[in-house]
Amino acid sequence: MAADPHKYDAWNTLALNLAFVFWAVGLLVVLGYIIKLSSVSGSKDKYDFINRNEIKYLWIATIILIIGACFFVNANVVELTTLWVFVRTFTTAMMGILVALIIQNLLKFYYPFFIEKRLKVLRYKPRISPKSGRPMKLLSEDEEDSHLDEGMIAEENVFSVDYDVWMDEETGYKQIEKYSGHLHAIQCPECNYQTFKVMREEIIKAPSYTEEGELMKHYQCSYCGYKARKTVALKQQVKLEEAAGSSAATA
Ligand SMILES: [Zn+2]
């Protein structure tokens, strides 16, 4: 008895349609992300949005696209026995997982280089002052301290946080932006991936009014596991009375 080649047409059509639906949804996720990103105004907000969401959205889209592909490769069934169902399901799942793992690794270890470049551009793109409409100046580490409050300076010392201070020299308007070192990986000196992050920090010596302190930063690479420690000087504490006294004197 010859097998009917159209026996599984209903399934094949369904599988093909499901594939298209999944692909459409996957592309919509990417498109939705792009639209959302373009609706975020301000370089700092864009920076945070990319940092928080881009890889996550691409990963979700990847999974949906792969599920679509799994249906697509099973939309040509002409013969089906229990064994075939088992073999097909198994190989499809395995291939799907394999492709997902490859893309996950690409997103984790190669994609950050691409993101990093764009984040850098966003971080150092001159901010426009809402007061004068002119580009503001990014203050240097030394210049910025007088514009940060004590808590911010302490945080910058201890928690791998960076504050950028943008100054409108004409009107004195300033904009302070916070960048967290914990969310942001740097290049690993061992494997060169963008996967080297501060895991924890400890104060070796607290700063006093007369001496600088010392802070130990523990770095670890999430790719190769390379660990490193770096000591950083903690700035001397500033006497509050002095600061208050000088401002009272000028007032
Ligand atoms: Zn590494």
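In each ligand, atom 1 is the first atom listed, and ligand 1 is the first ligand listed. Computed from a prediction, not measured in an experiment: that's the story for all the values here.
- Remark: Asp164 engages Arg123 in a salt bridge, criterion side-chain N to carboxylate O under 4.0 Å.
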Would you check, one step at a time, whether the test ring-ring contact (aromatic ring centres under 6.0 Å, His included) holds for Phe49 with Tyr33? CA-CA 10 Å; Phe49 189 80; Tyr33 173 77; 5.5 Å; yes
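- Ring-centre distance between Trp166 and Tyr173: not below the 6.0 Å cut-off.
- Here Glu169 does not pair with Arg134 in a salt bridge; the nearest charged N to carboxylate O distance is not below 4.0 Å.
- Neighbours of the Zn ion (ligand 1) restricted to protein N, O or S atoms under 2.8 Å: the count is 4.
- Using cut-offs of 30° and 60° for the angle between ring planes, the Phe113 and Tyr193 rings count as tilted.
- Remark: aromatic rings of Tyr163 and Tyr179 are distant, center separation not under 6.0 Å.
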